[in-house]
Amino acid sequence: MNIFFFVALVLLCVVTVAAPWRVVSEDNEEQHRLLVNMTLVKNARAGGALCLDGSLPAYHLHRGFGAGLNNWLLQFEGGGWCNDLPSCLERAESRRGSTRYMTKFEVFSGILSSNASQNPDFYNWNRVKLRYCDGASFTGDAIFDNGVIVSPQTTRLHFKGQKIWEAIIHDLLPKGLGKARKALLSGCSAGGLATFHHCDNFAKYLPTNASVKCLSDAGFFLDGRDVSLNHTMRYFVKSLVTLQGVEKNLNRNCTSTLFFPDLCFFPQYVLRYISTPYFILNSAYDVFQFHHTLVPPSADMHGHWNKCKLDPAACTPLQIAILQAFRLDMLATLRPFAIYSGRGGMFINSCFAHCQSESQDTWFEDDSPRINDKTIAEAVGDWYFSRTRSKEIDCPYPCDTTCHNLIPYPRGQ
């Protein structure tokens, strides 16, 4: 039986402090944390590039230095999607839909770290985190207005992810991005999905002699059925694409080929049309796809999967077989890319994880996850700098003893 899946959400912890950017030490941590200040895109309003609630979009920039002065890494923030008015209205009153609710400083770690021992290939690049406030992976272009007050500042919902992407790029170009010699567009979860939709466009903004490549972390969301054989993700995506006016911003080669153009929101359909070199970082047992798409609450009304979701060791033999089918479906979908993409890279491990590039312990530490004794940071660096072939596929669970498996937080935390 062919089983695919879907996604849910993600993303990360942020900390508030009171200086532009600084390195601080925590009592219980040996690591230092780099905190980077938010920059609002002040010219965005003129072009209608606004967050869901009408607030200005934003990014965090930490300048490169030394040999990395003219190199740029842009990282899309993730954080799920909204596909109907109630969920988008709720999102507009949170940090997922408004910069008014976002903390003004972001921790830069993992692929964003400025420490050479923690991020050996990209530590001295200009590193940018693009804040996520539109709910459609930076692809929407529509407005909803029925007079309902979303917040004291607005009565509209702005589905303007595509415009936000363009506004941030145009804000960064005169700050040095327009003269980049090397560039990497990356992202995590919904941000990883955004890289599939903006990779080739990103390359067009940069000098023709620049080395431009793209990386998706936990963004390869599959189009398939859940354990009750429903197309949970497909229906979700269709409503999202319709509500937020996404279809016109999807890859035209893809939309002109598929009978249902909205399916081009899925990476598996658009990947073949991306010409810029691409790296796919994903867990074959992505924990959020497992919990919210393969086995969403609607497909497990009696909670038969509850223990398995909390601890893979508690899964029944049948549940393990379904999870192995999950993995095989992902590998089968990626097989053409693995075989025929001469400039592509992969790191598909067998950890119950989600988003492994921004967390230092999974990106590059002594005990970080490995495939063939290679960390994620080493695999990405080898691929970007063409040091060696970098297409790593892990053995099936439970063989990988280097994994940092995630345990989901209780609802509401």
Side-chain angles (χ1 to χ4, degrees), residues 64 67-68 70-76 110-112 119-123 125-128 130 137-138 165 169 172 177-188 191-221 250-254 264 266-282 330-331 333-349 356-358 363-364 371-372 374-393:
N70 294 312
N71 302 335
W72 288 76
L73 189 154
L74 274 63
Q75 174 89 350
F76 284 115
I111 197 171
L112 295 175
N119 187 26
D121 285 311
F122 306 108
Y123 73 97
W125 288 29
N126 297 281
R127 285 151 288 108
V128 187
L130 285 64
S137 291
F138 296 84
W165 157 249
I169 289 295
L172 291 172
L177 178 61
K179 298 180 180 179
R181 294 178 181 174
K182 293 182 175 67
L184 177 63
L185 181 67
S186 62
C188 162
L193 177 62
T195 66
F196 288 98
H197 298 304
H198 295 298
C199 182
D200 283 344
N201 178 249
F202 178 59
K204 291 178 181 178
Y205 282 110
L206 303 184
T208 56
N209 62 346
S211 172
V212 184
K213 301 186 180 184
C214 302
L215 160 69
S216 168
D217 175 9
F220 197 77
F221 299 115
L250 298 177
N251 186 286
R252 293 183 180 179
N253 291 323
C254 181
C264 293
F266 290 101
Q268 68 196 74
Y269 300 116
V270 73
L271 180 59
R272 71 185 69 180
Y273 301 109
I274 297 174
S275 58
T276 306
Y278 212 96
F279 191 101
I280 297 174
L281 164 60
N282 231 91
M330 179 172 287
L331 296 182
T333 306
L334 286 169
R335 183 176 173 80
F337 177 78
I339 294 175
Y340 300 114
S341 175
R343 299 187 298 167
M346 298 171 62
F347 192 99
I348 311 297
N349 62 8
Q356 301 177 86
S357 64
E358 286 188 20
W363 174 248
F364 191 66
I371 303 178
N372 296 323
K374 184 181 290 189
T375 64
I376 294 170
E378 290 168 329
V380 172
D382 286 348
W383 160 77
Y384 186 92
F385 293 100
S386 302
R387 292 191 290 248
T388 183
R389 180 183 182 276
S390 193
K391 290 182 178 177
E392 307 292 344
I393 298 177

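Looking only at side-chain heavy atoms (C-beta outward), Leu74 and Leu172 come within less than 4.5 Å of each other. At least one side-chain heavy atom of Phe196 sits under 4.5 Å from a side-chain heavy atom of Leu271. Using a 4.5 Å heavy-atom threshold, the side chains of Leu177 and Asn126 count as separate. Side-chain contact between Ser390 and Val380 is absent, with no heavy-atom pair separated by less than 4.5 Å. Between Ser341 and Lys391, the closest side-chain pair of non-hydrogen atoms falls below 4.5 Å. Annotation: side chain of Asn251 is not in contact with side chain of Cys264 (no heavy-atom distance under 4.5 Å). Leu215 is listed as a side-chain neighbour of Leu281, based on a closest heavy-atom distance under 4.5 Å. Annotation: side chain of Phe337 is in contact with side chain of Ile280 (closest heavy-atom distance under 4.5 Å).
Atom CD of Gln75 is separated from atom CG of Leu185 by 8.5 Å, given to the nearest 0.5 angstrom. Rounding to the nearest 0.5 Å places CG of Leu112 at 7.0 Å from CZ of Arg127. Atoms CG and CD1, on Asn119 and Ile111 in that order, are 6.5 Å from each other to the nearest 0.5 Å. To the nearest 0.5 Å, atom NZ of residue Lys213 and atom SG of residue Cys199 are 11.0 Å apart. Atom CD of Gln268 is separated from atom OG1 of Thr333 by 5.0 Å, given to the nearest 0.5 angstrom. A distance of 11.5 Å separates CD1 of Ile393 from CE of Met330, quoted to the nearest 0.5 Å.
Of all non-hydrogen atoms in Ser216 and Leu193, the two that sit nearest each other are OG-N, 4.4 Å. Annotation for Gly219 and Pro267: closest pair O-CG, 3.3 Å, computed over non-hydrogen atoms. Residues Leu206 and Ala210 come closest through the heavy atom pair CB-CB, 4.5 Å. For Ser137 against Ala194, the heavy-atom pair with the smallest separation is O-CB, 3.4 Å. Across all their heavy atoms, Glu358 and Phe76 have their closest contact at OE2-O, 4.5 Å. Closest heavy-atom contact between Tyr278 and Gly192: OH-O, 4.0 Å.
Aromatic ring pairs are classed by plane angle as parallel below 30°, tilted from 30° to 60° and perpendicular above 60°; the pair His198 and Phe138 is perpendicular. Taking the six-membered ring for Trp and thresholds of 30 and 60 degrees, Trp363 and Phe122 have ring planes inclined between 30 and 60 degrees apart.
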Steps toward ring-ring contact (aromatic ring centres under 6.0 Å, His included) verdict (Tyr384, Trp125): CA-CA 14 Å; Tyr384 186 92; Trp125 288 29; 5.5 Å; yes
Intermediate values then yes/no, side chain to side chain contact (heavy atoms under 4.5 Å, CB included), Ile348 and Phe220: CA-CA 11 Å; Ile348 311 297; Phe220 197 77; over 6 Å; no
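Asp382 places no side-chain N or O within 3.5 Å of a backbone atom of Thr388 that could act as its donor or acceptor partner.
Each of Val212, Leu184, Val128 was evaluated against Trp72; a single residue qualifies, Val128, per the side chain to side chain contact (heavy atoms under 4.5 Å, CB included) test.
Under 4.0 Å is where a charged nitrogen must lie from a carboxylate oxygen, and between Asp121 and Lys182 no such pair does.
A donor-acceptor contact closer than 3.5 angstrom links the side chains of Asp217 and Ser357.
Within a 6.0 Å sphere centred on CZ of Arg387, heavy atoms belonging to other residues, nucleotides or ligands number more than 12.
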